[in-house]
> 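Quick one: the structure is below, questions incoming.
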Amino acid sequence: MTGKTELSGGPSLPQERRVVTAVPGPKSQELMARKQASVANGIGTVLPVFARRAGGGVLEDVDGNSFIDFGSGIAVTSVGNSAEAVVRRATEQLNDFTHTCAMVVPYEPYVQVCEELAKVTPGDHEKKSALFNSGAEAVENAVKIARAHTGRQAVVVFDHGYHGRTNLTMALTSKNMPYKHSFGPFAPEVYRVPVAYPYRWLTGPENCAEEAAAQAIDQITKQIGPDNVAAIIIEPVLGEGGFIVPAKGFLPRIQQFAQDNGIVFVADEIQSGFCRTGQWFACEDEGLVPDLITTAKGIAGGMPLAAVTGRADIMDSAHSGGLGGTYGGNPVACAAALGSIETMRELDLPAKARRIEEVMKPRLEKLAEKSDIIGDVRGRGAMLAIELVKPGGKEPDPEATAALAKACHQQGLLVLTTGTYGNVVRFLPPLVIGEDLLNEGLDVLEEAVSGL
Ligand SMILES: *Cc1c(COP(=O)(O)O)cnc(C)c1O
């Protein structure tokens, strides 16, 4: 019974890697031709196969290939694809009603999700939430709320930060290509300061936290003026920037500065949240209690849902009718979130994420010792990465990174790349993945590294 639950997900999908055609196979190639003819070029493709089914730790394509999933649809299907409780609750909700608009006529699942968010997020102060459809929307709304609360305008973000693809969140995002290039002008009153990136800190990792915090605080003080700052927004583990874990001490120092200056401290946990890093939220690692926290990705087992959760007095700063959206907190997505949170509790997914780290990290570290192109191994829980460099130094090697990802794809392992310099391979397996598959995926990776 427990074994079955752990491997549940897609409709009893065999938990195996299976490559039966070239990747992509003929059916995928046919669909890709149709995609190219009908879907805008801006919508890219990481692995050019078309999905048929997915569940547990695998994704099956239309040609019958089965990939070990080290991506989870970018940290979304942490409970697996089509997890039993997600499907059950969403199906029940689909049968009852699909939409009333929460701002027109409310419904209980919306309230239940907000109650759960108050329970699972850090801190035992009084909290409230508002629900949205996407991570970017959640971040935008956190900024609206912080501005309403403080009566200030400036927003501080960090080097290597990623917060979304809408106009304001493009402005908040650090990396030009592909997120911002040719899409400006961007929203004003956004300021970017250094982050404690240990591997690339010029004076070395030892003093990185202190020096980076001092630089960030000096820039905020001298260039903006703390009294003008509404919010400081940071990912406690930076996702698209390259799975950068800020050096210990940096985040608490920044939060303290925010608190001392009446600035709303926002943790963007859209990628790192919901059990991914081995705790419910990555902030917990250093005991941080953010004023506001943004969530999305892992929250609802693949259904579109996002939230801003935080101190009730801050959340209530926006006037009635000032927040919302037609679909925000859709009832089916809320039901899926309740199923997803239920699964996280029942299967103790934070513990599963820690177990994934126990299995993966030593093997990645051993691989890095043997290989002169892996400069760094980092991350926590099931949010792990390797940074690829030219041998003998730290010069980023995005070509080797792309080649490594492709080699893995050819052998039936789905991995994603990331990073400001495009030189990071990231690992985000579903937290319900079986240990055999996890180890087999690592075998494939090791072989691909030695074949480069
Ligand atoms: C993915 C992501 C976003 C944007 O979420 P969308 O749902 O794609 O809009 C924002 N912040 C972080 C940290 C993310 O990883």
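Order of appearance sets the numbers: ligands from 1, and atoms from 1 within every ligand. The figures that follow rest on heavy atoms only: side chains count, while hydrogens, waters and symmetry mates do not.
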> With under 30° as parallel and over 60° as perpendicular, where do the rings of Tyr110 and Tyr107 fit, or are they tilted in between?
perpendicular

> Listing request: all salt bridge (charged side-chain N to carboxylate O under 4.0 Å, His left out) pairs with a residue in residues 232-250, at least two apart in sequence or in separate chains.
Glu240-Arg426, Lys248-Asp285

> Check whether any side-chain N or O of Thr277 sits under 3.5 Å from a backbone N or O of Gly381 as a donor-acceptor pair, and report yes or no.
no

> Between Glu346 and Thr343, does any side-chain donor sit less than 3.5 Å from a side-chain acceptor?
no

> Short N or O contacts of ligand 1 with protein, under 3.5 Å, listed by atom name?
{"from": "ligand 1", "atom 1": "7 (O)", "to": "Gly135", "atom 2": "N", "distance (Å)": "2.7"}
{"from": "ligand 1", "atom 1": "9 (O)", "to": "Gly135", "atom 2": "N", "distance (Å)": "3.3"}
{"from": "ligand 1", "atom 1": "9 (O)", "to": "Ala136", "atom 2": "N", "distance (Å)": "2.8"}
{"from": "ligand 1", "atom 1": "11 (N)", "to": "Tyr162", "atom 2": "O", "distance (Å)": "3.4"}
{"from": "ligand 1", "atom 1": "11 (N)", "to": "Asp268", "atom 2": "OD1", "distance (Å)": "3.4"}
{"from": "ligand 1", "atom 1": "11 (N)", "to": "Asp268", "atom 2": "OD2", "distance (Å)": "2.8"}
{"from": "ligand 1", "atom 1": "15 (O)", "to": "Gln271", "atom 2": "NE2", "distance (Å)": "2.9"}
{"from": "ligand 1", "atom 1": "15 (O)", "to": "Lys297", "atom 2": "NZ", "distance (Å)": "2.6"}

> On the six-membered ring of Tyr162, is Lys175 placed so that its NZ or CZ lies under 6.0 angstrom from the centre and within 45° of the ring axis?
no

> If we count only N and O atoms by modelled type, under 3.5 Å, do the side chains of Glu137 and Asn141 hold a donor and an acceptor together?
no

